[in-house]
Structures are given as structure tokens and as C-alpha cells.
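Residues: numbered from 1 along the sequence shown. We count ligands from 1, going down the list as the structure has it; atoms in each ligand are counted the same way. Owing to the predicted nature of the structure, the values given are computational and were not obtained by experimental measurement.
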Amino acid sequence: MTVMVPSRTPALITPGQQALESALHQLGQAAEHLGLDDGLRTMLATPRRSLTVSVPVRREDGRMDVVQGFRVQHNVSRGPAKGGIRFHPGTDIHEVTALAMWMTWKCALVGIPYGGAKGGVAVDPTLLTTRELERLTRRYVNEILPLIGPEKDIPAPDVGTDEQTMAWIMDTYSVNAGYSVPGVVTGKPMTLGGSLGRAGATSRGVQIAALAALGRSPEGVTVAVQGFGKVGALAAQYLADSGCKVVAVSDVKGAVHNPGGLDVADLRAYSAENGSVTGYRGADAMAHEDLFELDVDILVPAALEGVLTADNAPRIRARLIVEGANGPTTPEADEILAANGTTVVPDILANAGGVIVSYLEWVQNMQAYSWSSAEVDMKLRDLMEGAYAEVKSMAAERSISLREAAHVIGVGRVAEAHQMRGLYP
Ligand code: NAD
């Protein structure tokens with residue numbers, strides 16, 4: 001008798017699950033270097049709190065849609081949870097968990113007293129009117145209200161959210177509290193207690209990290225940037241201001257390329273007016289995927305996770321990758337890039353400028369005080385350059401990649417906090 005062995009359907013893995021696998025892989029490597037015991041590893045691999053909510057939204061035509069929302073607090077051992085809120089159709093609990101975990105290591109790495117969190121709503125904000133977006137935001141906040149607060153968990157902007165979203169969150173929370181609570185979110189408009197320098201902080205940090213890793217004059221250094229949103233557009237601008245030649249950028253609709261160098265300020269104005277970089281007259285159209293394979297000095301992925309993979313990594317010619325986005329490089333791609341001698345400045349270091357200035361905003365809010373942009377910029381630079389130097393020397397000391405070194409430092413600090421606090425009860 002022949003035994004029929006059912007053919008195995010390859011496991012379907014969502015981008016969120018892929019991101020979580022990457023995050024767990026990186027944690028595993030760091031735990032190995034640090035010699036952490038199994039109990040602590042499991043503790044660090046699992047979020048402290050995860051909340052999934054259903055968010056009903058009244059559409060303009062009277063219909064009611066219901067979308068899924070999430071808030072995950074990965075770790076709170078070093079301080080309140082901190083992390084952005086993402087509005088994106090592909091977001092799920094796995095992605096939000098991965099992003100929350102990366103926030104934990106990032107805050108520890110740059111030495112700010114926060115744990116890591118992240119939020120998300122599985123919705124395409126470009127398909128909603130402003131009033132629908134406001135209703136969605138307020139209802140989502142209402143659903144996650146028990147978790148957030150200036151001393152508990154402080155959201156900020158991420159993909160698909162902005163200053164206006166933060167203003168609605170601050171208002172919804174404040175109306176429930178009965179008084180104004182500016183410290184419940186960061187990345188707010190200036191009129192509501194936002195900080196000078198917050199809007200460009202992540203990009204400023206990317207610029208600082210890129211120039212530190214470059215280690216030579218940026219004059220004429222060529223750059224390609226994937227993603228032309230809050231992080232990518234200003235990272236392109238600041239790198240161009242430093243003397244780099246930004247030759248290609250992309251957004252969700254397409255990519256543009258000009259080997260002679262793009263006029264980034266003009267392209268930003270064009271993109272703001274037209275909703276995309278596509279169709280810009282000062283450049284040629286280009287396929288999304290080709291941007292990664294350009295012969296440039298620096299590649300800045302500043303869109304979403306999992307875009308540098310085992311498939312395209314062998315064809316990447318940039319010598320330096322500076323991760324504006326969270327989780328853009330899969331572990332398989334990391335290995336290929338390392339073997340090819342490409343330096344990768346990892347996300348938890350390269351894009352930490354955002355949470356650093358979010359922290360500065362929160363400190364100002366808690367003190368009802370405000371600092372000048374020069375003060376904010378100086379503190380940002382100090383923390384970024386300090387963290388970069390620590391990561392670089394850890395990498396040299398242990399002969400490991402910058403990503404492994406950054407995780408060894410970040411994970412190590414969180415593990416130490418757990419050990420010092422002990423286990424309750
Ligand atoms: P955003 O919504 O402002 O911009 C995202 C950009 O990516 C848009 O231009 C969008 O068109 C583009 N994009 C999406 N899919 C794309 C694709 N397949 N190809 C090319 N472009 C694509 O978001 P953001 O705040 O700039 O965040 C970008 C990344 O930076 C995310 O990974 C986010 O987690 C990370 N990050 C953001 C901050 C922050 O302060 N906003 C801080 C740290 C890290």
C-alpha cells in the first residue's frame with residue numbers, strides 16, 4: 001500500500017511576522033553574546049502588554065467600517081513605554097510587536113529612560129477624509145486609553161500619522177482627563193507644546209549617523225533614499241545640505257533618478273503639492289526596485305520593513321546603508337551585505353534621533369518649559385554621536401557588526417535593569 005504524504009503548503013508569512021522573526025533573531029544573537037539565561041531571554045522576547053481593539057469608524061456616506069487597532073508595550077523596566085503609532089493597511093500585531101521591541105533597545109542604546117511601545121491601525125489613511133481620520137484617531141485612542149498616559153506610555157508619529165494626529169490624541173486624552181495633558185504624546189504641533197527640532201529630528205539623526213559612518217568629506221558623496229515621507233524627505237535634504245549628491249528617491253508610487261543630483265528642496269515642494277515624487281520634471285522615472293541597485297555611496301531605506309532581502313542584497317552596490325526605517329534589512333540580507341563588505345548603520349541607532357527629541361519634548365512638557373532649537377539640536381547631536389561611538393567601539397572590541405553591537409548594548413542595559421529590579425513577587 002502506498003502511503004500518501006500530503007504535500008506541504010509553504011507557510012504563508014506576513015510582513016509583520018517576518019519583522020518579528022527578524023527582531024527575535026537579533027535579540028537571540030545579542031542574548032548569546034551577553035550570555036543571558038533562558039528565563040531572561042524569554043522575558044525579553046515577549047511583550048509585557050498587548051492590546052488588540054476593534055475601531056468602528058463612521059464614513060462620510062453614513063456607513064460604518066470597523067478596523068483593527070493595536071498597542072503593544074514591549075518593555076517598561078527602564079521607564080514609561082514610548083513609541084509611535086502607525087496607520088497602514090498592512091500593519092498587524094506581529095509588526096507592532098517587532099516595532100515595540102526595537103523601541104526598547106533603541107531607548108536603552110541612546111540612554112533615555114523609556115521602555116519600548118508601538119501602536120498601529122490597519123487602515124490606509126490616504127483613503128479617508130480628514131474628518132474620517134479624526135473620528136478614527138479619537139476612537140482608537142479611546143479604545144487604548146487605559147494603557148497610555150504621560151507616565152505610562154507616550155505615543156508619537158510614525159508611518160501614516162503626523163502632528164495633526166498627535167493633536168487629536170492629546171485632545172482626546174485631555175478631554176477624558178478633564179485638563180490639558182501635553183506630555184501624553186510627542187511630535188505635537190508647537191502651539192500644543194511640541195518641541196523645536198522634533199519634526200526633523202529623525203532625519204537629523206540619520207544625517208549625523210551617516211556622516212559619522214562615512215568618515216570622510218561628504219562633498220559629492222552620492223545618496224539614494226527609499227521613502228520620501230517625514231523621515232526620508234528631510235534626510236535627503238540634510239544630506240544634500242551637507243554636500244552630498246542625492247541622485248534618486250522613491251515613494252509608494254514610484255522612484256525618480258537624476259545622476260547629476262536632485263534639487264531636493266524643489267522636489268520636496270513638488271511632492272508636497274502633488275502627493276508624490278513621480279512626474280517630477282527634474283529627473284527620470286525609475287522602477288522602485290532599481291533604486292536599491294544604484295551605484296551610490298550611501299543608501300537610506302526610509303519606508304518600511306523587510307525591503308533589503310536575500311533576493312536583492314547581492315546586487316546592492318552602496319558601501320554604506322543607513323537605516324532611516326525600522327527593520328528594513330532581513331537577517332539573510334544582513335549576512336550577504338556583511339560578506340560583501342557593506343557597512344549597515346542599524347535602525348536602532350540610525351533613526352534614534354526621533355525618540356531622542358521626543359524625550360526632550362516630553363521633558364519640556366513635564367516641566368512646562370521650552371528650550372531653543374540650538375539647545376535641542378546640541379542635545380540630539382551629543383546623544384547620537386555618543387551612541388555611535390559606543391556602538392563602533394563595541395563592534396571593534398567584539399569583532400561584530402554595528403547591528404549586533406547596538407543590540408548587545410541595548411539588550412544588555414534592559415537585562416541589567418531587570419536583574420537590578422528583581423522579579424515581583
Ligand atoms: P511616512 O508615512 O511619513 O513616510 C513613509 C514614506 O514611505 C512615504 O513617502 C511612502 O510613500 C513611502 N513608501 C511606502 N511604501 C513604499 C515603497 N514600497 N517604496 C518606496 N516608498 C514607499 O513615514 P515616516 O514617519 O517617514 O517613517 C518611515 C520609516 O521611518 C518607518 O519605518 C518608521 O517606523 C521609521 N521611523 C520614523 C520615525 C519618525 O519620527 N517619524 C522615527 C524613527 C523611525
query: What protein heavy atom is closest to atom 39 (C) of ligand 1, reported as residue, atom name and distance in Å?
result: T202 OG1, 3.5 Å
message: Could you check whether W102 and H407 have their ring centres less than 6.0 Å apart?
response: no
- request: Indicate yes or no: does K379 engage E375 in a salt bridge with an N to O separation below 4.0 Å.
  value: no
- line: Note: heavy atom closest to atom 2 (O) of ligand 1, options G160, G353, A156, belongs to G160
field: Protein heavy atom at shortest distance from atom 31 (C) of ligand 1
entry: A303 O, 3.1 Å
statement: closest protein heavy atom to atom 23 (O) of ligand 1 is V159 CA, 3.4 Å
query: What is the nearest protein non-hydrogen atom to atom 14 (C) of ligand 1, stated with its residue, atom name and distance?
result: V252 CB, 3.8 Å
field: Pick from G229, G324, G254, A235: the one approaching atom 30 (O) of ligand 1 most closely through a non-hydrogen atom
entry: G324
task: May I ask you to say whether E404 pairs ionically with R398, meaning some side-chain N is under 4.0 Å from a carboxylate O?
output: no
- prompt: For ligand 1, which part of E289 has a heavy atom less than 4.0 Å away: the side chain, the backbone, both, or neither?
  reply: neither
- prompt: For ligand 1, which part of R86 has a heavy atom less than 4.0 Å away: the side chain, the backbone, both, or neither?
  reply: side chain
query: For ligand 1, which atoms, with element, lie under 4.0 Å from some heavy atom of S250?
result: 20 (C)
- prompt: Any idea which part of N326 is under 4.0 Å from ligand 1, heavy-atom wise: side chain, backbone, both or neither?
  reply: both
query: Quick one: does L304 get an N or O within less than 3.5 Å of an N or O on ligand 1?
result: no
- prompt: When you check the gap from the basic side-chain N to the acidic O, do E132 and R59 get nearer than 4.0 Å?
  reply: yes
Interfacing atoms of ligand 1 (cut-off 4.0 Å, heavy-atom, G227): 7 (O), 12 (C), 21 (N)
query: Nearest to atom 1 (P) of ligand 1, what protein heavy atom do you find, and at what distance?
result: K230 NZ, 3.5 Å
- prompt: Y238 ring centre to R204 NZ or CZ under 6.0 Å, with the angle to the axis within 45°?
  reply: yes
task: Apply the side-chain contact (heavy atoms from CB on, under 4.5 Å) test between E95 and each candidate in K118, E305, Q17, Q18; give the one that qualifies.
output: E305
message: Against V121, only a single residue in I144, V96, V57, V67 fulfils side-chain contact (heavy atoms from CB on, under 4.5 Å); can you say which?
response: V67
field: Worked check of side chain to side chain donor-acceptor pair (under 3.5 Å) between Q207 and S242
entry: CA-CA 9 Å; Q207 176 203 27; S242 306; 2.8 Å; yes
field: atom 21 (N) of ligand 1: nearest protein contact (heavy atom, Å)
entry: D251 C, 3.1 Å
statement: Of all protein heavy atoms, the one nearest atom 37 (C) of ligand 1 is V231 CG2, 3.4 Å
- prompt: Where do V307 and N312 come nearest, in terms of heavy atoms and distance?
  reply: O-ND2, 2.9 Å
Backbone of V277 reached by a side-chain donor or acceptor of D251 within 3.5 Å: yes
query: Taking non-hydrogen atoms only, is A201 closer than 4.0 angstrom to ligand 1 via side chain, backbone, both or neither?
result: neither
- prompt: Is there side-chain contact between L294 and R317, with at least one heavy-atom pair below 4.5 Å?
  reply: no
- request: For a side-chain contact (heavy atoms from CB on, under 4.5 Å) with W105, tell me which candidate from I409, L44, N75 qualifies.
  value: L44
message: Could you report the tightest heavy-atom contact between A415 and L36, atom names first, then the distance?
response: CB-CD2, 3.9 Å
message: Judged on heavy-atom distance to atom 19 (N) of ligand 1, which of E305, Q226, E323 sits nearest?
response: Q226
- line: So for H288 against ligand 1, with non-hydrogen atoms under 4.0 Å, the contacting part is side chain
- request: Tell me which one of I356, L291, D158 gets a heavy atom nearest to atom 33 (C) of ligand 1.
  value: D158
message: I'd like to check which ligand 1 atoms, numbered from 1 as shown, lie under 4.0 Å from a non-hydrogen atom of N351.
response: 43 (C), 44 (C)
message: If the cut-off is 4.0 Å to any non-hydrogen atom of R198, which atoms of ligand 1 fall inside it?
response: 40 (O)
